[in-house]
Trainee: 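Take a look at the following structure, please.
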Amino acid sequence: MYRTHTCGELRKEHLGKSVTLAGWVQGIRDLGNLVFIDLRDRYGMTQLFFDKSSPLAERAKQLGREYVLQVTGFVRERSSKNPQLETGDVEMLVEKLTVLNESKTPPFTIEDVTDGGDDLRMKYRYLDLRRAVVSKNLLHRHRVAQSVREYMDGQGFADVETPFLIKSTPEGARDFVVPSRLNQGQFYALPQSPQTFKQLLMVGGFDRYYQITRCFRDEDLRADRQPEFTQIDCEMAFVEQEDVLQMFEGMVKHVFKKVRGIDLKDFPRMSYTDCLKYYGNDKPDLRFEMRLVELNNLVGGKSFKAFDEAEYVVGIVAENCSEYTRKQTDELTDWVKRPQIGSNGLVFIRCGADGSYKSSVDKYYSADDLKKIAEHCKAQVGDLILILSGGLAKTRRAAGELRLEMGTRLGLRNVEDYKPLWVLDFPLLEWDEEDKRWNAMHHPFTSWKKEDNELINTNPGAVRANAYDVVINGVELSSGSIRIHNRAQQEKMFSLLGLTEEQANYKFGFILNAFEYGAPPHGGIAFGFDRFCSIVISNLDYIRDFIAFPKNNSGRDMMLDAPSDIDARLKKELGL
RNA sequence: GGUCUGGUAGUUUAGUUGGUUAGAAUGCUGCCCUGUCACGGCGGAGGUCGUGGGUUCGAGUCCCAUCCAGACCGCCA
């Protein structure tokens, strides 16, 4: 071993001992006759001391940042201590110094507050990983994974690996494909998730399975989306929806307790329909209320065209904002008019401190009209009501976005606060306007509610799935369902999705066949592990900080400069 | 596929209506400094202003194209 202790380990109890440390030079403070070096590793930092009586002092001055050192010396008490450092009471009087490796001056400072921009830090990710603020996230990720495994193992789940080279199924996200050399002109696909395999494991009798595994989707990226990401993939046989909900609510609670020491209360539940109605999306942030209030019945017939002609008029109440300036309201109007939101405008009603109501549409609405609206919205004195109008789906979405924006502006999205939620009763299908056909909202293996059996043929869009999501603070953490487990029902589903019998057999024959050999009732769930980590650890939805080597906005690895062209010879072998 | 923001020393950035030698901080470097820990003090080096074209007497600044990065919409069964 190169060391007897780590750089974060030495304390007063080690005083007088001869120890050996190995690590990186964080910085050198040369005071002329005194030289201090901060030696860093992932456990912490220890101060090395040299004075002019030391034959090593001159060498110490010649070292540079990020040189790798091995030092041996005595631990001694500092004459001026640093309470901000764990090892701040002691320092090492160095007697032997070995340079294990030199370093070029790094392109950015390797400190908690770095001067490096994102590009540069991605290109030199291995240097960025030396920063405690970065490595801390990955070490926490490890803790999350460990506590997941601890819970799953405790509940009798077996970790089974599933293949990465599988068959392309053009349903859903785009597949990453891998050309086959042995089967020229044919391709494997990388799994978007282990969905069909875990169901086959259920048929195979592994009634409790889980896996922390990589998934691949060739879609555009976001702050919370990577082309390869990790799922906690879980499946159980002989269970109903309630069993799955209990089991995995337990897992989330376990992880929060183990990693953060936080006791989450029982998760409330809300239907998909109510989520849209009250929050404008299917993953509401419940850290604050500010519910959407439908105003259609109160605003019509006053000759205000924007409201009279709208399919949907909706208000939200921003508490204590009645004194917003014209500049602030204009800014919000511009915000909702951005193409990403796409509203035509925003109407304001101020609930004045004197009990008066003033709006940007006073021309059409009397004080009494405004009062009725305010009362319907349960607005108090000093509040500001923001009203949007237009088509139902678009306006709901816009109102939901505006609600989140106001929540952010008013500081209502507290990072200390966790508000989990089960979202239930998703629709089984959604209409694809582009392809003029039904798509599975969750995936094509999702079962539907028995009560809705009749609707399957008469009104497929109204059929409710046995599907459920865990949402925390507006982030969709996981998604699952009770699956179909017999051939006839699965064939029915495929036909609803517009697959012919031949297509269904070609793409999914293996699972249809499996269902004919005693497939047990089963269901499960999959958690986005990267998101889970970012929420548990930092309560943000930015997953790149929790991935050791992430890809950038356009799916490039900036360190490797991948993807890249490949050898002409390799192409030929692959028949490309 | 679309919308928006940004690109100026190694790095992070300022740069007014288009006008003299593009400024700062940090990093690097030389000297001084016996208790620093974001050490301090004095000095020094370091810039094809992303790239290409255009307008102009004159472009970091205005226009067009393009590349790169970031955020978002579409997309993500």
Side-chain angles (χ1 to χ4, degrees), chain A residues 26-40 45-54 57 61 64-66 76-85 87-88 91 104-124 169-175 192-193 195-196 215-227 229 334-335 337-342 394 397-398 401 426 428-430 432-435 437-446 465 467 476 479 481 493-494 497 499 507-508 526 528 542 544 552-554 556 558 561:
Chain A
Q26 166 86 30
I28 302 171
R29 289 179 295 282
D30 177 2
L31 275 64
N33 287 314
L34 295 180
V35 183
F36 301 97
I37 293 181
D38 288 330
L39 196 70
R40 175 212 339 115
M45 205 143 74
T46 299
Q47 177 167 285
L48 311 179
F49 177 86
F50 305 82
D51 69 9
K52 69 174 175 188
S53 68
S54 166
K61 291 181 184 185
R65 283 163 51 206
E66 301 308 315
R76 65 174 204 178
E77 191 163 8
R78 292 195 193 190
S79 63
S80 72
K81 301 185 172 38
N82 183 351
Q84 291 176 315
L85 214 58
T87 61
E91 66 190 358
K104 286 170 47 172
T105 302
F108 53 89
T109 55
I110 317 257
E111 287 159 21
D112 283 0
V113 181
T114 179
D115 63 358
D118 292 341
D119 295 23
L120 206 62
R121 284 166 38 222
M122 282 303 169
K123 186 173 174 189
Y124 297 93
T169 54
E171 293 289 314
R174 282 185 203 90
D175 284 320
Q192 296 172 23
S193 81
Q195 181 59 38
T196 50
C215 302
F216 306 86
R217 292 179 191 174
D218 189 6
E219 295 293 343
D220 285 10
L221 276 47
R222 292 284 190 283
D224 61 338
R225 276 168 21 196
Q226 286 272 300
F229 61 100
D334 288 343
W335 191 87
K337 281 180 166 176
R338 288 182 315 147
Q340 281 85 347
I341 304 293
K394 193 175 174 182
R397 198 178 69 80
E401 292 293 330
F426 283 85
L428 182 68
L429 302 163
E430 58 187 345
D432 184 333
E433 203 39 62
E434 205 174 317
D435 294 346
R437 65 181 189 92
W438 293 104
N439 266 335
M441 188 150 188
H442 182 51
H443 58 52
F445 311 102
T446 304
E476 183 195 320
S479 204
S481 62
M493 182 68 178
F494 286 145
L497 298 177
L499 269 69
K507 290 176 183 169
F508 297 110
Y542 186 81
R544 286 178 210 173
N552 78 359
N553 230 11
S554 31
R556 297 200 69 83
M558 300 188 62
D561 197 24

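Proteins get letters first, then strands, A, B, ... in listed order; numbering begins at 1 in each. Since we're looking at a predicted model, the values are computed, not measured.
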Trainee: In whole Å, I'd like the distance from the CG atom of Leu48(A) to the C1' atom of C39(B).
Mentor: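 Going from CG in Leu48(A) over to C1' in C39(B) covers 17 Å.
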
Trainee: Is there aromatic stacking of Phe49(A) on G35(B) here, judged by a ring-centre distance under 5.5 Å and a plane angle under 30°?
Mentor: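 So yes, this residue stacks on that base, both cut-offs being met.
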
Trainee: For atom NZ of Lys394(A), decide whether the heavy atoms of other residues, nucleotides or ligands shown that lie under 6.0 angstrom number more than 12.
Mentor: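 Counting other residues, nucleotides and ligands, NZ of Lys394(A) stays at 12 neighbours or fewer.
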
Trainee: Scan every strand shown for a Watson-Crick or G-U wobble partner of A69(B), both distances under 3.5 Å, and answer none if you come up empty.
Mentor: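 WC or wobble partner is U5(B).
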
Trainee: So what does Glu111(A) hit on the nucleic acid, given a heavy-atom distance under 4.0 Å: a base, only sugar-phosphate, or nothing?
Mentor: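 Glu111(A): no heavy atom of the nucleic acid under 4.0 Å.
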
Trainee: What integer distance in Å separates Leu31(A):CG from G41(B):P?
Mentor: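 Rounding to the nearest Å, CG of Leu31(A) and P of G41(B) are 13 Å apart.
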
Trainee: Out of U11(B), G35(B), A71(B), which has the shortest distance to the side chain of Asn553(A)?
Mentor: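 Shortest atom-to-atom distance from the side chain points to A71(B).
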
Trainee: Taking CG from Asp38(A) and C1' from C39(B), how many angstroms apart are they, rounded to a whole number?
Mentor: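 After rounding, the reported distance stands at 11 Å.
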
Trainee: Base, sugar-phosphate or nothing for Glu91(A)? Non-hydrogen atoms, less than 4.0 Å.
Mentor: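 Base contact.
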
Trainee: From A69(B), A77(B), U26(B), pick the nucleotide closest to the side chain of Ser554(A)?
Mentor: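 Given the options A69(B), A77(B), U26(B), the side chain of Ser554(A) is closest to A69(B).
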
Trainee: Leu85(A) has an atom CG; how far is it from atom P of A38(B), in whole Å?
Mentor: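 That distance rounds to 9 Å.
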
Trainee: Roughly how many Å apart are G41(B) and U5(B), using the P atom of each and rounding to a whole number?
Mentor: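 Those two atoms are separated by 40 Å.
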
Trainee: Need the pair for C39(B). Rule: Watson-Crick or G-U wobble, both distances under 3.5 Å, any strand; none if unpaired.
Mentor: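 Paired with C39(B), as far as the under-3.5 Å criterion goes, is no nucleotide at all.
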
Trainee: So does Arg65(A) get a side-chain nitrogen or oxygen closer than 4.0 Å to the phosphate oxygens (OP1/OP2) of C28(B)?
Mentor: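 Arg65(A) to C28(B) OP1/OP2: side-chain N or O found under 4.0 Å.
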
Trainee: Can you tell me if Arg174(A) has over 12 outside heavy atoms packed within less than 6.0 Å of its CZ?
Mentor: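 Atom CZ in Arg174(A) is not packed in, count stays at 12 or less.
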
Trainee: Side chain of Asp119(A), heavy atoms from C-beta onward: which of U36(B), A69(B), G74(B) has the nearest atom to it?
Mentor: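 So the side chain of Asp119(A) is nearest to A69(B).
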
Trainee: Okay, side chain of Thr87(A), backbone of Met45(A): is any donor-acceptor separation there less than 3.5 Å?
Mentor: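 Yes, Thr87(A) side chain to Met45(A) backbone: donor-acceptor pair under 3.5 Å.
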
Trainee: Distance check needed: A71(B) C1' versus Arg222(A) CZ, whole Å only.
Mentor: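 For the pair Arg222(A) CZ and A71(B) C1', the rounded distance is 9 Å.
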
Trainee: Could you work out which one of C76(B), G35(B), U11(B) sits closest to the side chain of Ala173(A)?
Mentor: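 That would be C76(B).
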
Trainee: Rounding to an integer number of Å, can you tell me how far Phe508(A) CZ sits from A77(B) P?
Mentor: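 One finds 13 Å between P of A77(B) and CZ of Phe508(A), rounded.
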
Trainee: Could Asp118(A) and Arg121(A) be called an ion pair, given the rule that one side-chain N must be under 4.0 Å from one carboxylate O?
Mentor: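 Yes, this pair counts.
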
Trainee: Considering every strand shown, what is the Watson-Crick or G-U wobble mate of G58(B) when both distances are under 3.5 Å?
Mentor: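 The answer is none; no pair meets the criterion.
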
Trainee: On a heavy-atom basis, which atom in Ile28(A) and which in Gly64(A) lie closest, and how many Å separate them?
Mentor: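 That would be CD1-N, 4.2 Å.
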
Trainee: Could you work out which one of C72(B), C33(B), G35(B) sits closest to the side chain of Ala223(A)?
Mentor: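 Comparing C72(B), C33(B), G35(B) against the side chain of Ala223(A), the answer is C72(B).
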
Trainee: What is the nucleic acid contact for Arg544(A), judged by heavy atoms within less than 4.0 Å: base, sugar-phosphate only, or nothing?
Mentor: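 Sugar-phosphate, no base atom in range.
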
Trainee: Using a cut-off of less than 4.0 Å, is there contact between a side-chain N or O of Asn552(A) and OP1 or OP2 of A69(B)?
Mentor: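 For A69(B), OP1/OP2 do have a side-chain N/O of Asn552(A) under 4.0 Å.
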
Trainee: Return the 5'-most residue of the pair Ser79(A), Thr105(A) with respect to RNA chain B, ranking by each residue's nearest nucleotide.
Mentor: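 Closest to the 5' end, via its nearest nucleotide, is Thr105(A).
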
Trainee: For Tyr542(A), answer base if it contacts any base atom (sugar-phosphate contacts may also be present), sugar-phosphate if it contacts only those atoms, and nothing otherwise; contact means non-hydrogen atoms under 4.0 Å.
Mentor: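 Sugar-phosphate contact only.
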
Trainee: Quick one: do Arg40(A) and Glu66(A) make a salt bridge, cutoff under 4.0 Å?
Mentor: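 The answer is yes: the pair qualifies as a salt bridge.
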
Trainee: What is the distance, to the nearest angstrom, from the CD atom on Gln47(A) to the P atom on U36(B)?
Mentor: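 Computing the Gln47(A):CD to U36(B):P distance gives 10 Å.
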
Trainee: When you measure from the side chain of Arg65(A) to the backbone of Thr105(A), do you find a donor-acceptor pair of N or O atoms at a distance under 3.5 Å?
Mentor: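 Judged by distance alone, no pair lies under 3.5 Å.
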
Trainee: Where the side chain of Arg225(A) is concerned, which of A69(B), C75(B), C33(B) is the nearest nucleotide?
Mentor: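 So the nucleotide nearest the side chain must be C75(B).
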
Trainee: At 4.0 Å (heavy atoms only), tell me whether Pro107(A) reaches a base, stays on the sugar-phosphate, or touches nothing.
Mentor: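 Here Pro107(A) touches the backbone only, sparing every base.
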
Trainee: Rounding to the closest angstrom, what is the interatomic distance between C39(B) and G60(B) at atom P?
Mentor: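 Roughly 38 Å separates the two P atoms.
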
Trainee: Pairing check on C28(B): which nucleotide meets the Watson-Crick or G-U wobble criteria with it, both distances under 3.5 Å?
Mentor: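 By the stated definition (distances under 3.5 Å), G44(B) pairs with C28(B).
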
Trainee: Can you find a side chain N or O atom of Arg556(A) that sits less than 4.0 Å from OP1 or OP2 on C68(B)?
Mentor: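 Negative; the distance criterion is not met.
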
Trainee: Ignoring the backbone of Gln340(A), work out which of C33(B), C72(B), U11(B) is nearest its side chain.
Mentor: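 From the listed options, C72(B) comes nearest.
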
Trainee: Under 3.5 Å, is there an N or O donor on one side and an acceptor on the other linking the side chain of Glu219(A) and the base of G74(B)?
Mentor: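 No, no donor-acceptor pair under 3.5 Å.
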
Trainee: Please state how far atom CZ in Phe108(A) lies from atom P in U11(B), giving the value in whole angstrom units.
Mentor: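 My rounded result for the distance is 11 Å.
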
Trainee: Taking the same atom, P, in A65(B) and in U21(B), what whole-Å distance lies between them?
Mentor: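 Going atom to atom, P in each nucleotide, I get 32 Å.
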
Trainee: Is the closest side-chain heavy-atom distance between Phe49(A) and Arg76(A) below 4.5 Å?
Mentor: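 Heavy-atom side-chain distance check passes, below 4.5 Å.
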
Trainee: Using the C1' atom as the point on both nucleotides, what is the distance between G7(B) and U13(B), in whole Å?
Mentor: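 Looking at atom C1' only, U13(B) and G7(B) are 12 Å apart.
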
Trainee: Considering only side-chain heavy atoms of Arg397(A), which listed nucleotide, A71(B), G74(B), G35(B), is closest?
Mentor: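 The closest nucleotide is G74(B).
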
Trainee: If only side-chain N and O atoms of Thr169(A) are considered, is one of them under 4.0 Å from the OP1 or OP2 phosphate oxygen of A77(B)?
Mentor: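 So the side-chain polar atoms of Thr169(A) never come under 4.0 Å of the phosphate oxygens OP1 or OP2 of A77(B).
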
Trainee: Determine the interatomic distance between C1' on A9(B) and the same-named atom on G44(B); round to the nearest Å.
Mentor: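 14 Å, rounded to whole Å.
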
Trainee: Look at the side-chain N and O atoms of Asn82(A) and state whether any lies under 4.0 Å from the OP1 or OP2 oxygen of U36(B).
Mentor: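 Asn82(A) to U36(B) OP1/OP2: no side-chain N or O under 4.0 Å.
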
Trainee: Does a nitrogen or oxygen in the side chain of Asn33(A) sit under 4.0 Å from OP1 or OP2 of U34(B)?
Mentor: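 Yes, such a contact exists.
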
Trainee: Could you tell me how far U48(B) sits from A59(B) if I compare only their C1' atoms? Round to whole Å.
Mentor: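 Taking atom C1' in both A59(B) and U48(B), they lie 15 Å apart.
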
Trainee: Is the shortest side-chain N to carboxylate O distance from Arg225(A) to Asp220(A) below 4.0 Å?
Mentor: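 No.
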
Trainee: Sticking with atom P, work out how far U61(B) lies from U3(B), rounded to a whole angstrom.
Mentor: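 Here U61(B) and U3(B) have their P atoms 23 Å from each other.
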
Trainee: With a 4.0 Å limit, can you tell me whether Arg29(A) has a side-chain N or O closer than that to the phosphate oxygens OP1/OP2 of U36(B)?
Mentor: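 Arg29(A) to U36(B) OP1/OP2: no side-chain N or O under 4.0 Å.
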
Trainee: Taking the side chain from Thr114(A) and the backbone from Gly116(A), do they hold a donor-acceptor pair closer than 3.5 Å?
Mentor: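 Between the backbone of Gly116(A) and the side chain of Thr114(A) there is a qualifying donor-acceptor contact (under 3.5 Å).
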
Trainee: Please classify the nucleic acid contact of Arg76(A) as base, sugar-phosphate, or nothing, using heavy-atom distances under 4.0 Å.
Mentor: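 Here Arg76(A) touches the bases of the nucleic acid.
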
Trainee: Under 4.0 Å between a side-chain N or O of Arg217(A) and OP1 or OP2 of C75(B)?
Mentor: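 False: Arg217(A) side-chain N/O out of range (4.0 Å or more) of C75(B) OP1/OP2.
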
Trainee: Which part of the nucleic acid, if any, lies within contact of Lys81(A), taking any heavy atom under 4.0 Å across all strands shown: a base, the sugar-phosphate backbone alone, or nothing?
Mentor: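 Base contact.
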
Trainee: Does Arg78(A) get its side chain close enough to the base of U36(B), under 3.5 Å, for a donor-acceptor pair?
Mentor: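 Side chain to base: pair found, below 3.5 Å.
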
Trainee: If the C1' atom of A69(B) is compared with that of G27(B), how far apart are they to the nearest Å?
Mentor: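 Their C1' atoms lie roughly 23 Å apart.
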
